[in-house]
Amino acid sequence: NGGFHMTAQNQLVSHFLSHRNVTIELAEKISREHYDYKPAETSMSAQELVKHMVYSFLMFANVINDGNASAIQNKPKEEAETDLVKLAETCTEKTTNILSQLTEEQLNREIDLTASFGRKVTGAALLQLAMEHEIHHKGNLFVYVREMGHTELPFYQQKS
């Protein structure tokens, strides 16, 4: 029945946003002169890290939606937007639109990701991987923002 689907999809979206909204809140603290900041020589810059997070989740969402790996091979065209917060908001909106329409079939469907991940995964498993990827890098981002001198930081997950 449609009612159950809506609830399940709303749950996916609210779980995603409970983390992504914190990512955006952290991005808002990164001034342009800090875009190139790296905590270590081998680290991504602050700008690269935020871009990596928002484009990765969008890519994973597209893979789940398509049921194949084509979105991994054809990385989404980078937005012309140079403002990190606006870029994050644009990608978040696109990701939310996809997540809000995923069906149970799509989540249960097996996707062949042998080329990229060495195995087949269900849409649901890939979504969990995407969430864990977001959470992992959001933890990194807290360190970056702290190093930039910010002390007023959000809780790691937004309370609903």
Side-chain angles (χ1 to χ4, degrees), residues 5-32 34-39 43-67 69-72 74-104 106-107 109 111 113 116-117 121-148 150-160:
H5 285 314
M6 284 316 296
T7 320
Q9 288 153 344
N10 290 345
Q11 243 174 340
L12 287 185
V13 170
S14 65
H15 185 216
F16 165 64
L17 290 176
S18 74
H19 287 288
R20 174 54 61 82
N21 288 339
V22 177
T23 301
I24 292 173
E25 206 177 321
L26 292 170
E28 284 167 350
K29 295 180 181 292
I30 304 170
S31 56
R32 233 173 238 282
H34 283 138
Y35 278 13
D36 293 327
Y37 169 78
K38 295 176 172 191
S43 303
M44 286 185 258
S45 70
Q47 183 175 30
E48 288 167 335
L49 180 58
V50 173
K51 280 185 168 186
H52 172 67
M53 291 172 72
V54 299
Y55 281 122
S56 293
F57 210 122
L58 180 55
M59 178 198 71
F60 287 130
N62 276 313
V63 170
I64 297 164
N65 194 45
D66 300 342
S70 64
I72 296 174
N74 320 314
K75 288 279 193 304
K77 284 196 298 294
E78 289 232 349
E79 305 281 335
E81 185 55 66
T82 57
D83 182 280
L84 265 189
V85 174
K86 287 189 184 136
L87 175 74
E89 286 170 344
T90 302
C91 287
T92 300
E93 197 180 333
K94 290 180 180 177
T95 304
T96 302
N97 289 342
I98 297 169
L99 295 181
S100 67
Q101 293 172 49
L102 288 177
T103 63
E104 211 176 336
Q106 284 171 307
L107 291 171
R109 173 171 63 185
I111 307 164
L113 297 181
S116 12
F117 290 97
V121 292
T122 62
L126 193 58
L127 186 58
Q128 186 173 352
L129 186 140
M131 284 303 311
E132 289 169 1
H133 181 265
E134 176 89 10
I135 292 165
H136 163 73
H137 283 304
K138 177 161 49 71
N140 301 154
L141 197 56
F142 269 95
V143 176
Y144 281 60
V145 171
R146 231 180 255 283
E147 282 286 325
M148 289 168 192
H150 294 281
T151 51
E152 291 292 303
L153 295 176
F155 188 65
Y156 83 95
Q157 184 174 20
Q158 233 179 30
K159 300 189 177 66
S160 47

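Model, not experiment: these values are computed from the prediction.
- Closest approach of Pro154 and Val22 over heavy atoms only: CG-CG1, 3.8 Å.
- Between the side chain of Asn21 and the backbone N or O of Leu17, at least one donor-acceptor pair lies under 3.5 Å.
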Worked check of side-chain contact (heavy atoms from CB on, under 4.5 Å) between Thr95 and Val54: CA-CA 9 Å; Thr95 304; Val54 299; over 6 Å; no
side-chain contact (heavy atoms from CB on, under 4.5 Å) between Thr92 and Phe57, worked out: CA-CA 9 Å; Thr92 300; Phe57 210 122; over 6 Å; no
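- Counting all heavy atoms, side chain and backbone alike, Asn62 lies closest to Ala71 at CB-CB, 3.7 Å.
- Between His133 and Phe60, the angle of the ring planes goes over 60°, which puts this pair in the perpendicular group of the 30/60° scheme.
- Closest heavy-atom contact between Ser56 and His52: OG-O, 2.6 Å.
- Partners of Pro39 by side-chain contact (heavy atoms from CB on, under 4.5 Å), not counting sequence neighbours, listed by chain and number: Tyr37, Ser43, Tyr144.
- Separation of atoms CE (Met53) and NZ (Lys138) is listed at 7.0 Å; rounding is to 0.5 Å.
- With Arg109 contributing its side chain and Asn65 its backbone, the two residues share a donor-acceptor pair below 3.5 Å.
- His34 and Ser31 form a side-chain donor-acceptor contact under 3.5 Å, judged by distance and modelled atom types alone.
- Atom NZ of Lys38 has more than 12 heavy atoms from other residues, nucleotides or ligands within 6.0 Å.
- For the pair Leu102/Leu99, a side-chain contact is recorded, criterion being any heavy-atom separation below 4.5 Å from C-beta on.
- The 12-atom threshold is exceeded at CD of Glu28, counting heavy atoms of other residues, nucleotides or ligands nearer than 6.0 Å.
- At least one donor-acceptor pair closer than 3.5 Å links the side chain of His150 to the backbone N or O of Lys29.
- Expressed to the nearest 0.5 Å, how far CG of Leu84 lies from OG1 of Thr23 amounts to 12.0 Å.
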Step by step, would you call His137 with Asn140 a side-chain contact (heavy atoms from CB on, under 4.5 Å)? CA-CA 5 Å; His137 283 304; Asn140 301 154; 2.9 Å; yes
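- Here the side chain of Arg20 pairs no donor or acceptor atom with the backbone of Glu89 at under 3.5 angstrom.
- To the nearest 0.5 Å, atoms OG (Ser70) and CE (Met59) are separated by 11.0 Å.
- A distance-only check finds a donor-acceptor pair linking the side chain of Ser100 to the backbone of Asn97 [under 3.5 Å].
- To the nearest 0.5 angstrom, Gln158 atom CD is 6.5 Å from Glu25 atom CD.
- Taking CD of Gln128 as the start and CG of Leu107 as the end, the distance is 12.0 Å to the nearest 0.5 Å.
- At least one donor-acceptor pair under 3.5 Å links the side chain of Gln106 to the backbone N or O of Thr103.
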Output, in order, the C-alpha distance, side-chain angles, deciding distance and verdict of side-chain contact (heavy atoms from CB on, under 4.5 Å) for Phe16 and Leu127. CA-CA 10 Å; Phe16 165 64; Leu127 186 58; over 6 Å; no
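- Between Ala61 and Ile98, the closest heavy-atom pair is O-CG2, 3.6 Å.
- Looking at heavy atoms from C-beta onward, Leu26 lies in side-chain contact with Leu153 at the 4.5 angstrom threshold.
- Atom-to-atom distance recorded for Lys51:NZ and Tyr35:OH is 9.5 Å, nearest 0.5 angstrom.
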